[in-house]
Structure formats: structure tokens, C-alpha cells
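Shown next, in C-alpha cells, is the structure this report addresses.
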There are 2 protein chains.
Amino acid sequence: MPKRVDHAERRTEIAQALVRAAGRLGLHAVGMRDVAAEAGVSLRVVQYYFESKEKLLLFGLQYLAGRFGERVANRVRAAGDNPGPRAVIEALLTAALPVDEESRLFHHLYTSYAVLSVTDEALAAQPFIKDPDTAEITLTGLLQQANDAGLLEAGTDTRTEAVGLLAMSAGLGTSVLVGQRDAESAMAVLRYHLDRIFRS
Amino acid sequence: MPKRVDHAERRTEIAQALVRAAGRLGLHAVGMRDVAAEAGVSLRVVQYYFESKEKLLLFGLQYLAGRFGERVANRVRAAGDNPGPRAVIEALLTAALPVDEESRLFHHLYTSYAVLSVTDEALAAQPFIKDPDTAEITLTGLLQQANDAGLLEAGTDTRTEAVGLLAMSAGLGTSVLVGQRDAESAMAVLRYHLDRIFRS
DNA sequence: ACGTTTGTGGTACGTTCGTATCATAAAGAC
DNA sequence: GTCTTTATGATACGAACGTACCACAAACGT
């Protein structure tokens, strides 16, 4: 057989090609041939490593989620050396904002998948529920930690606050994505709201 | 010629069919034949009233925006008789949440259009920027009004607060749409945040 | 009344899509 | 040294897409 190939690696390369092509054409418009061309392989190879387009799309979503998780973790770790949890929280919330090309791509495709999941039950079963839930738990924990340290305003419901902040971050991200607002002002809005939560 | 037809009315009927079909199949998957079948007319008729699919999609977006505007206006008017601006603000923010089938459809398709506009410049030129901007101005005005009446906490930046609340409402709407959260809890989050802004 | 315009049915064309099929070369297994 | 397995090239197929074209019947203008 021709030089044995690492399937996992190959699949990842193709998934990266899918993500790039989808960023350029839109996830709805990308076909197997586009992915093949973007990856520099033949259509047959894409078919070989993913039996169907649906399998490819599902793997693409997993790949995307993994990459995004890494990005958030990096951001949080970079801010982790700072004195308080405020910096960590800010890093967590701004990680989802489309500030550079990579995060723009994340937001664009993640939203695309979310829209598709409304009418595609195979996608609806994917980690759209789980992943945001862990973000919610993490942020709630950070806020609770800040609250226990007496850093927050009195009467703060950390759970509700976390849900609201994450939704706000997602909403701001979308408005940045469609060009209604620039990334700078979106971050300013988030910082303002954190200022209202944290004790002055 | 066969019984003269009101073009505007006909186009609206077809746009309604587009919206229904898109709600069922997803905007990306709906074709001219689906729209024709949903409207109970032949493919030729859809072609006749909209020369191309792109024109149909653009008109569908306009139709959707118009309908949504009416809905918000109705909600706000219904709450307008109440004593304070708090009720009006709450009505404005919850109007976008997918609480019933109609608003679910709104949110689903509006988000679909937003995603498409990232890679489709014809859609990018549409009122994605203008419409949210007017909502922002309206909400800022309402908050300012409340602030002038001494109803808000001290040091509130009404503009930034409005932007944040609208983004939060949109983000919550999406999470409801994908089934991560139910409409009731989303409204509770919004109310909590309004409680934090309004003086107790 | 006649000619022109308007609305609509039917259908065909060229593309593109996802998928399936056939062939074949290279590298293991024994 | 066979013989099987693996990876990939090339291509073909049926379906569905948006669009274009042709025909025709019904009502208006004059």
C-alpha cells in the first residue's frame, strides 16, 4: 500500500481546509470539491477520509470547538498571572469577540453552525448546549470567587450575571461580525459593564 | 390579459411563503420550487414576480424587517399605557426573544440573513446596520428619559447601557433558539439586569 | 373589434452537487 | 514471492438547482 498515512492528521488537515473555504464562501456554500481544492487533494481523498459531507461538517464543528477552546485557554492563561479575577473574566469575555481574523472566523462559522442546527437535527445534537454551559459554569465560578473576595457590588447574583455577560459578549460579537460596530467599541461596552459589577 | 393582479400583494404572499419554507428547511436550503409550492403557485409565477432568487431573498429580508418592526411597535404600544419607561424598555428588549413561533421564526431567519451577509455583499448592503441602529437610538432615548426622571442608578451611561442590553437580548435570543435556554429564564436574566440599572 | 399587453403553464437547458464505481500503484503480511 | 490491504486517481451518475424559452389565454386600450 502507498506510504501508510496518519488518518487523524489527514482529517485535521482537511478540516482546516473546510474552515478556510467556509470562511471565504460561507458554510452554506462550501462543497466537497471546494474543500478538496483548498486542501490541495483530490475529491476522492476527501470522500475517503470522510464518508459523507455530513460527517465532514460534524468533524469540522468539533475541530472548531477544540481550536476555540485552546484560544480561550491561552487568553485566560496569559491574563492569569495578573492580580485579580477581573482580568481573567475580561479575557474570557473578549476571547469570543471578533478582534482578529482568527476570532472573526470562529464567530462566523460558529454562528453558521448554530443556524444550521435549528433545522438539522444531527447538528442540534452536537455540543452547542454543552460547550456554552461549561463557559457559563466557569464564569459563574470566577464571579463567585470575586464576590467572596468582596470585590463585587452587594446583591450580585453571580449565575445570572454570568449568563447575561456571556450573552452580551455573543451579541456584541455578532454586531462586530456584520460590521455594525468595531471591535474596540464592543470591548469598551464589556468593560463598562464589568465596571458596574465590580466595586469601585 | 388575465384578471389584472396587484403586484405588491402578490409579492408579499410569495415572501410569506419564502419565510414559511425557510423556517422549515433553513434559509440556505430553500429553493424557488419550495417557495412556489409553499405559496401554491407555479415556479414560473415566482420567477415572474421576482426576476431572480437574489431579488426574492432581498425582498424577503425587507418583508421580515417590516413585520418585525410592526411586532415591536405593537408590543411597545401595549406597554405604553403603563406608568413608567421601565415597562416600555422591557417590552422592547423582550420583543426580540423567541418566546412564540413568530418570534422564533424572526430570530432564526434574521440570524440566517446576518450570517449570509458576511459573505454576500448584496446582503451586507441591506439594513443590517440601519435597523439595529434605530433600536439603539430608541433605547438610549428611553433610558435617558428614565435617567432624567431620576429612576436610574447614579453614573449610568445610557448609550453604553443600551448597546449592552440590546446585545444581551440578541445573545439570549440565540441561546433560546438553539435550545440551550428556555424563553422564561432568558426573560428573567433581562429583568435582573434591568433591576440592577433602575433604582430600587 | 382588433391588436397589444399581462399573467401563467409547461418544459428544457446547462451547472453543480453529493455520491458511487472502477482501476491501479504501492506497501505491508506470511 | 505471492497475496492482501491501503491510498488515491479518474470519472460517471442521478438529482436538484436557477434560469430561459415558448406558447397561450384573458383582458385592456383605442
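Just so we're on the same page: letters track the sequence lines, and every chain starts at 1. It should be emphasised that the depicted structure is a prediction, and the values quoted were computed from it without experimental measurement.
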Checklist line | Side-chain N or O of A/Arg44 closer than 4.0 Å to phosphate OP1/OP2 of C/dG18 | finding: no
Margin query: Please tell me if B/Ser42 has a side-chain N or O lying less than 4.0 Å from either OP1 or OP2 of C/dT8.
Written below: no
Margin query: On DNA chain C, compare the nucleotides closest to B/Val45 and A/Gly31; which residue's is nearer the 5' end?
Written below: B/Val45
Next item on the list: Can you tell me the distance, in whole Å, between the CG atom of A/Leu56 and the C1' atom of C/dC17?
Entry: 14 Å
Note to self: Given the ring of B/Tyr49, does B/Arg11 sit roughly above its face, with NZ or CZ under 6.0 Å from the centre of the six-membered ring and within 45° of the axis?
What the structure shows: no
Notebook entry, point to check: Hey, which of these two, B/Ser52 or A/Asp6, hits DNA chain D nearer its 5' end, going by closest nucleotide?
Noted result: A/Asp6
Notebook entry, point to check: Rounded to whole angstroms, how far apart are NZ on B/Lys53 and P on D/dA20?
Noted result: 15 Å
Margin query: Ring of B/Phe106, cation from B/Arg71 - is the NZ or CZ under 6.0 Å from the centre and inside 45° of the axis?
Written below: no
Notebook entry, point to check: What is the distance, rounded to the nearest whole Å, between atom CD1 of B/Ile14 and atom C1' of C/dT8?
Noted result: 12 Å
Check: To the side chain of A/Val5, which of D/dC28, D/dA7, C/dC17 is closest?
Finding: D/dA7
Note to self: Rounded to whole Å, please give me the gap between CG in A/Leu43 and P in C/dC22.
What the structure shows: 17 Å
Note to self: Can you tell me whether the side chain of B/Arg4 and the base of C/dT5 have a donor-acceptor pair closer than 3.5 Å?
What the structure shows: no
Next item on the list: Compare the minimum distances between each of C/dG18, D/dT6, C/dA20 and the side chain of A/Gln47, then state the nucleotide with the smallest one.
Entry: C/dA20
Check: Is B/Tyr48 near enough to C/dG7 that one of its side-chain N or O atoms lies under 4.0 angstrom from OP1 or OP2?
Finding: yes
Check: Roughly how many Å is it from CD in A/Glu51 to P in C/dA20, rounded to a whole number?
Finding: 10 Å
Notebook entry, point to check: Roughly how many Å is it from NZ in A/Lys55 to P in C/dT19, rounded to a whole number?
Noted result: 9 Å
Notebook entry, point to check: Nearest of D/dG18, C/dT19, C/dC22 to any side-chain atom of A/Met32?
Noted result: C/dT19
Note to self: Applying the side-chain contact (heavy atoms from CB on, under 4.5 Å) criterion to B/Phe50, which one of B/Val45, B/Leu56, B/Leu18 satisfies it?
What the structure shows: B/Leu56
Next item on the list: Provide the closest heavy-atom pair for B/Leu97 versus B/Met187 in the form atom of the first, atom of the second, distance.
Entry: CD1-CG, 3.6 Å
Next item on the list: Could you tell me whether the phosphate oxygens of C/dT8, OP1 or OP2, come under 4.0 Å of any side-chain nitrogen or oxygen in B/Tyr49?
Entry: yes
Checklist line | Which nucleotide in D/dA12, C/dA12, D/dC21 has an atom nearest any side-chain atom of B/Arg33 | finding: C/dA12
Margin query: With a 4.0 Å limit, can you tell me whether A/His7 has a side-chain N or O closer than that to the phosphate oxygens OP1/OP2 of D/dA7?
Written below: yes
Note to self: Just the rounded figure in Å: distance from P of C/dC17 to CG of A/Leu27.
What the structure shows: 14 Å
Checklist line | Partner of A/Asn147 under side-chain contact (heavy atoms from CB on, under 4.5 Å), chosen from A/Ile197, A/Asp157, A/Leu152 | finding: A/Leu152
Check: Between D/dA7 atom P and A/Glu9 atom CD, what is the distance in whole Å?
Finding: 13 Å
